Amino acid sequence: MSSKAKKTMASQADIHVLYEKAVQEPESDVEFYNDTYQKIRGRKPLVLREDFCGTALISTEWCKSDPARKAIGVDLDGPTLDWGKQHNLQPAGEDIASRIELIQANVLEVTEPRADITCAMNFSYNIFKTRETLREYFVAARKGLKEDGIFILDMFGGTEAMDEMEEEREIDELDDVDYVWDQDSFNPITNDIVCYIHFNFSDGSEIQRAFTYHWRLWSIPEVRELMLEAGFSNVRVYWEKFVDSDDDDDELEGTGEYYEAMEVENQESWIIYIAAEV
Ligand SMILES: C[S@@+](CC[C@H](N)C(=O)[O-])C[C@H]1O[C@@H](n2cnc3c(N)ncnc32)[C@H](O)[C@@H]1O
């Protein structure tokens, strides 16, 4: 590119910054883990293992939340872990960084050090496409927990989850860029789903397919059953509380608060937590 060529916003953006701001809410996750663990176990959880940790944003938030807390982050991708060290761990300061151990490995192969809570967020376990491999992952997650540990993951679904569709929305904190969730294809015979994240900038530039996911869309009963088969003793579903939208009487909007549920009405789209006790 000539030095005079005008740089686009897309060419100057960092996809990890965009991703964290668009899809992660580490404070809410940490609050949910803490409250859920305290409610079930009656003590404060101190050690978190963050599977598929990517940039280790949740591990960092966990250690910020209490000086006695430690975190272990596990991810296959070295460059993403390095980005996390540079942009999340180091800026948090030496004390916090020293309480986070990042392990570059397959989540199937890590069972030490043992944690109070293991989390697997942003649907990452959907990369395991057979009952055998997903069960194998749940067995590994269980082995990596203490005797009173709890495994927490999130899930997405709803009547629109199988539709091919694109949804664009603004990103809090970032004025000049929109986030696009693209459900590109769904195969009802295998439940294989291919999704992309794109970013569209106000100067017209874009980052297409910043992230690509080849997943199987698991259902809640399948995940619950496989957790029980993997040896977890009690598997709870936490549904988000919805209220009437201020903008439109016919619309509901999520509150970010979750309650334990066994029977709910299906929605066009939902994101939930599942918590499984060792
Ligand atoms: C959807 S991102 C999740 C990032 C972050 N946990 C979050 O909540 O947004 C999936 C991450 O899982 C990692 N990953 C995929 N397969 C893995 C495996 N078998 N073991 C460990 N990490 C894996 C990828 O490198 C990627 O960083």
Side-chain angles (χ1 to χ4, degrees), residues 8-36 48 50 52-65 71 73 80 83-84 86-93 96 119-124 152-158 160-161 165-183 195-213 238-248 250-259 267-273:
T8 63
M9 295 174 88
S11 70
Q12 296 173 84
D14 181 328
I15 56 169
H16 293 302
V17 172
L18 299 175
Y19 176 92
E20 287 187 349
K21 300 243 184 274
V23 306
Q24 293 198 275
E25 281 184 46
E27 297 90 350
S28 321
D29 291 324
V30 166
E31 190 181 338
F32 178 81
Y33 304 161
N34 181 63
D35 293 354
T36 304
L48 175 78
E50 184 187 5
F52 310 98
C53 69
T55 61
L57 189 62
I58 298 177
S59 296
T60 308
E61 185 60 34
W62 180 258
C63 290
K64 276 184 192 167
S65 70
T80 305
W83 191 99
Q86 203 185 331
H87 295 85
N88 289 328
L89 276 63
Q90 284 162 14
I96 288 170
C119 66
M121 295 302 290
N122 270 316
F123 331 118
S124 310
I152 300 179
L153 48 71
D154 62 2
M155 269 190 97
F156 78 101
E160 283 180 353
M165 59 105 167
E166 279 194 23
E167 185 194 320
E168 179 162 354
R169 63 167 168 80
E170 291 173 2
I171 303 175
D172 287 348
E173 291 180 55
L174 300 178
D175 290 335
D176 291 322
V177 54
D178 280 0
Y179 159 88
V180 182
W181 177 246
D182 178 0
Q183 285 171 197
C195 302
Y196 302 108
I197 291 175
H198 317 294
F199 296 104
N200 293 340
F201 295 83
S202 57
D203 66 353
S205 61
E206 53 191 27
I207 303 178
Q208 283 288 310
R209 300 189 179 180
F211 296 93
T212 298
Y213 304 108
Y238 292 87
W239 205 262
E240 188 173 3
K241 209 180 280 174
F242 274 72
V243 292
D244 289 331
S245 161
D246 288 341
D247 305 330
D248 181 346
D250 294 333
E251 292 262 322
L252 291 175
E253 63 187 20
T255 58
E257 280 173 50
Y258 292 80
Y259 63 98
Q267 294 163 206
E268 287 171 355
S269 102
W270 43 255
I271 292 180
I272 58 156
Y273 288 104

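These values consider heavy atoms only, across backbone and side chains, with no hydrogens, waters or symmetry-generated copies. Everything quoted here is computed from the prediction, not taken from an experiment.
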**Student:** Side-chain contact, heavy-atom cut-off 4.5 Å: Gln267 with Leu252?
**Tutor:** no
**Student:** Could you check Tyr258 against Thr36 for side chain to side chain contact (heavy atoms under 4.5 Å, CB included), going step by step and ending with a plain yes or no?
**Tutor:** CA-CA 10 Å; Tyr258 292 80; Thr36 304; over 6 Å; no
**Student:** Mind checking whether Phe201 and Leu18 have side chains closer than 4.5 Å, heavy atoms only?
**Tutor:** yes
**Student:** Report the distance from atom CE of Met155 to atom CD1 of Ile271, rounding to the nearest 0.5 Å.
**Tutor:** 11.5 Å
**Student:** Any donor-acceptor pair under 3.5 Å linking the side chain of Gln183 with the backbone of Cys195?
**Tutor:** no
**Student:** Using 0.5 Å steps for rounding, measure from the OG atom of Ser205 to the CG atom of Asp176.
**Tutor:** 9.5 Å
**Student:** How long is the gap from OG on Ser124 to CG on Asp154, to the nearest 0.5 Å?
**Tutor:** 7.5 Å
**Student:** Is there a donor-acceptor pair closer than 3.5 Å between any side-chain N or O of Ser269 and the backbone N or O of Glu160?
**Tutor:** no
**Student:** Please give me the minimum heavy-atom distance between Cys63 and Ile96, naming the atom from each residue.
**Tutor:** CB-CG2, 3.8 Å
**Student:** NE2 of His198 to CD1 of Ile207: how many Å apart, nearest 0.5 Å?
**Tutor:** 11.5 Å
**Student:** Are the side chain of Glu240 and the backbone N or O of Thr255 linked by a donor-acceptor pair below 3.5 Å?
**Tutor:** yes
**Student:** CD of Glu170: more than 12 outside heavy atoms within 6.0 angstrom?
**Tutor:** no
**Student:** Under the ring-ring contact (aromatic ring centres under 6.0 Å, His included) test against Trp270, which residue among Trp239, Tyr238, Phe156 passes?
**Tutor:** Trp239
**Student:** What pair of heavy atoms forms the shortest contact from Cys119 to Tyr33, and how long is it?
**Tutor:** CB-OH, 3.4 Å
**Student:** Holding to ring-ring contact (aromatic ring centres under 6.0 Å, His included), I want the full list of residues that pass it with Phe211, two or more places apart in sequence or in another chain.
**Tutor:** Tyr19
**Student:** Donor-acceptor pairs are to be reported for all side-chain atoms of residues 22-29 against protein atoms at under 3.5 Å, with residues two or more places apart or in another chain.
**Tutor:**
unit_1: Glu25; atom_1: OE1; unit_2: Ser28; atom_2: OG; d: 3.1
unit_1: Asp29; atom_1: OD1; unit_2: Tyr273; atom_2: OH; d: 2.6

**Student:** Rounded at 0.5 Å granularity, tell me how far CD in Gln208 sits from CD1 in Ile197.
**Tutor:** 12.5 Å
**Student:** Keeping the roles fixed (side chain from Asp182, backbone from Glu166), state whether a donor-acceptor pair exists under 3.5 Å.
**Tutor:** no
**Student:** With sequence neighbours left out, what residues match Glu173 under salt bridge (Lys or Arg N to Asp or Glu O under 4.0 Å)?
**Tutor:** Lys21
**Student:** Look at the side chain of Asn88 and the backbone N and O of Ala56, then say whether any donor-acceptor pair between them is shorter than 3.5 Å.
**Tutor:** no
**Student:** Is the number of heavy atoms from other residues, nucleotides or ligands within 6.0 Å of CG (Asp14) greater than 12?
**Tutor:** yes
**Student:** One pair to check against side-chain hydrogen bond (donor to acceptor under 3.5 Å, both in side chains): Ser59 and Glu50. What are the steps and the verdict?
**Tutor:** CA-CA 6 Å; Ser59 296; Glu50 184 187 5; 2.7 Å; yes
**Student:** Assess whether atom CD of Gln12 is packed by more than 12 heavy atoms of other residues, nucleotides or ligands within 6.0 Å.
**Tutor:** yes
**Student:** Please examine the side chains of Glu253 and Val243, heavy atoms only from C-beta on, and report whether any two atoms are closer than 4.5 Å.
**Tutor:** yes
**Student:** Start with the C-alpha gap between Glu20 and Thr55, add the side-chain angles, then the distance that decides, and say whether side chain to side chain contact (heavy atoms under 4.5 Å, CB included) holds.
**Tutor:** CA-CA 8 Å; Glu20 287 187 349; Thr55 61; 2.5 Å; yes
**Student:** Please report the shortest heavy-atom distance between Ala10 and Glu206, naming the atom on each side.
**Tutor:** CB-O, 3.6 Å
**Student:** How many angstroms lie between atom CG of Asn122 and atom OH of Tyr213, to the nearest 0.5 angstrom?
**Tutor:** 7.0 Å
